[in-house]
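I have placed the structure first, in the form of structure tokens, so that the comments after it can refer back to it.
Basis for what follows: all heavy atoms, side chains included, without hydrogens, waters or symmetry-related copies. Numbering of ligands and ligand atoms starts at 1, following listing order. Given the structure is predicted, the values throughout are model-derived calculations rather than measurements.
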Amino acid sequence: MQGIVVDNAGGDFHLVDTLEEPTPGRNQILVKSLVTAINPVEGFMQGTGQLVTAWPIVLGCDASGTVVEVGEGVTKFKIGDAVFGCTTLGTPGHSTFQEYFLMDEDLTFKKPGGVTTEQAATIGVGLLTAALGVIIGANVELKAKESNSQSPWLIVLGAAGGVGQFAVQLGKLCGYRVLGSSSPSNTEVVKAAGAEAVFDYKLPLDEQLATIQQVTNGNFTRVFDASAMGTETGIDAVTQVADQRAPERYFSTTNDWAPIDPREGVAIHHVELGQIGRSGSEKAEKINKDIVTMIPNLEDYLGAGLLRPLEYVQVGDIGVGEVLKALEAFKNHKSGKKLVVRLAEN
Ligand SMILES: NC(=O)c1ccc[n+]([C@@H]2O[C@H](COP(=O)([O-])OP(=O)(O)OC[C@H]3O[C@@H](n4cnc5c(N)ncnc54)[C@H](OP(=O)(O)O)[C@@H]3O)[C@@H](O)[C@H]2O)c1
């Protein structure tokens, strides 16, 4: 079968037609790759080799396709079902930049009827990362709730990104008023995701903190940095501006490589979606259990239209080789819309 291969860390992405089609094991499904989105992690893995378990490797993790085979013990899916989600990263047989790939049944979403195959490819990585950041890291209850003028705020840094837009949606869904940060050109994207207010993260830090104070009046205890670039703003907001009488405040971040010094009264959490589908460590077991627990609720909210896929830009024509064009386009891609590519017609 065809796929886009990288031979070693730093090697280029290239098309081959010699890959073996994987066979689903217990509780696994084999999925025909129809559409995939491009994420920052692909360039990161190709460049550094981190999270790659064997070379050569096919990358790609934002899945959207059709079940073509089910392994022993699978009950949630049958052949022909439309599915999406985030695959196990850097593991042969599991990646989306190839014609067929494996997914674990309980880590896979069933596609709702109202969501197209392209839209589904915009959801997996962004929504699961945001859920790990907001629900698990910032300890927000995953339950639909109306917000009002007294509701606490959730602050989302990098709110226009693929992760950030889902974090905004989740915060609003769960009854928070959301204050997001972005470039001024993305203010409307963040508002469309559900934020009540937006500030410019390029302003000097003291101006950002003053804006956070002015908008929230200190009525918040939770900050999620979706961008991985906002540690300073986030930690200062939660230690200086947040409600200091609260028993616990929360700072969670997608930056899983830079340690943060402990702060009294602040629970600091580094999101690690890269552990999806992995086992053998307490950390991986916990993350996967969290994801498995959240997926049915997230599926319900997507089905009800309370969580929505992202806007996207489609690159190229149809075919596995088109992924190369999408990877190239991603280098100059501005956030706000997800970049997707179609590998097969149906
Ligand atoms: N740890 C994990 O498990 C995990 C999982 C997924 C992603 N990530 C990482 O999370 C980050 C976001 O991923 P993504 O897919 O959302 O990327 P993305 O779509 O490219 O969005 C990144 C966003 O970061 C914003 N940004 C840049 N510098 C910022 C700063 N100093 N302060 C606040 N915001 C800033 C940008 O805002 P503007 O465009 O408005 O300027 C952009 O919207 C990436 O670094 C990615 O590698 C980590």
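- Residues Lys202 and Ser183 have side chains that bring a donor and an acceptor to within less than 3.5 angstrom of each other.
- Among all non-hydrogen protein atoms, the one lying nearest atom 4 (C) of ligand 1 is Thr129 CG2, 3.9 Å.
- Nearest protein heavy-atom contact of atom 31 (N) of ligand 1 is Met229 CB, 3.4 Å.
- Looking at Ser185 against ligand 1, nothing comes within 4.0 Å, counting heavy atoms.
- Here the protein heavy atom with the shortest distance to atom 3 (O) of ligand 1 is Leu273 N, 2.7 Å.
- Evaluated by nearest non-hydrogen atom to atom 25 (C) of ligand 1, the leading choice among Gly126, Ser227, Ala228 is Ser227.
- Annotation for ligand 1: atoms under 4.0 Å from non-hydrogen atoms of Ser182 are 40 (O).
- In terms of polar-atom proximity, Gly162 is counted as a contact of ligand 1, with an N or O under 3.5 Å from an N or O of the ligand.
- The closest non-hydrogen atom to atom 11 (C) of ligand 1, taken over Gly161, Ala226, Ala160, comes from Ala226.
- Contact of the Thr129 side chain with the Leu127 side chain is not registered, since no non-hydrogen atoms from C-beta on lie closer than 4.5 Å.
- Listed by chain and number, the residues in a side chain to side chain donor-acceptor pair (under 3.5 Å) with Lys32 amount to none (sequence neighbours excluded).
- Across the listed options Val156, Thr254, Leu89, Thr254 owns the non-hydrogen atom lying nearest to atom 8 (N) of ligand 1.
- Numbered from 1 in the order shown, with element, the atoms of ligand 1 that lie under 4.0 Å from a heavy atom of Asp256 read 1 (N).
- For the pair Leu157 and ligand 1, the shortest N or O to N or O distance does not fall below 3.5 Å.
- Ionic pairing of Lys338 and Glu311 is not present here: no N-O contact between side-chain nitrogen and carboxylate oxygen is shorter than 4.0 angstrom.
- Atom numbering of ligand 1 starts at 1 in the shown order; those under 4.0 Å from a heavy atom of Glu272 are 3 (O).
- The shortest N or O to N or O distance between Pro40 and ligand 1 is not under 3.5 Å.
- Below 3.5 Å of separation, one finds an N or O of Asn186 facing an N or O of ligand 1.
- At least one N or O atom of Tyr201 sits closer than 3.5 Å to an N or O atom of ligand 1.
- Polar contact check, Lys202 against ligand 1: no nitrogen or oxygen pair lies under 3.5 Å apart.
- Side-chain atoms of Thr253 and Asn255 form no donor-acceptor pair, as typed in the model, at a separation below 3.5 Å.
- Taking a 4.0 Å cut-off on heavy atoms, Val41 fails to register as neighbouring ligand 1.
- Of the protein's non-hydrogen atoms, the one nearest atom 43 (O) of ligand 1 is Ser335 OG, 2.9 Å.
- Of the heavy atoms in His270, none comes closer than 4.0 Å to ligand 1.
- Counting protein heavy atoms only, atom 2 (C) of ligand 1 is closest to Val271 O, 3.5 Å.
- Between Asn39 and Phe44 there is no side-chain heavy-atom pair separated by less than 4.5 Å.
- For the pair Tyr250 and His269, the minimum side-chain heavy-atom distance is 4.5 Å or more.
- Residues Phe251 and Ile260 form a side-chain contact, since some pair of their non-hydrogen atoms from C-beta on lies under 4.5 Å apart.
- Side-chain contact between Ser33 and Phe97: absent, with no pair of heavy atoms (C-beta onward) separated by less than 4.5 Å.
- Judged by distance alone, the side chains of Gln119 and Arg308 never bring a donor and an acceptor atom under 3.5 Å apart.
- Residue contacts with ligand 1 for Ser183 involve both N, CA, C or O and side-chain atoms from C-beta outward (heavy atoms, distance under 4.0 Å).
- The distance criterion of under 3.5 Å between nitrogen or oxygen atoms is met by Val163 with respect to ligand 1.
- By the side chain to side chain donor-acceptor pair (under 3.5 Å) test, Lys145 is found to be paired with no residue, residues two or more places apart in sequence or in another chain being considered.
- We find that Lys78 and Glu69 are not joined by a salt bridge, their nearest charged nitrogen and carboxylate oxygen being 4.0 Å or further apart.
- Looking at heavy atoms from C-beta onward, Asn219 lies out of side-chain contact with Ser151 at the 4.5 angstrom threshold.
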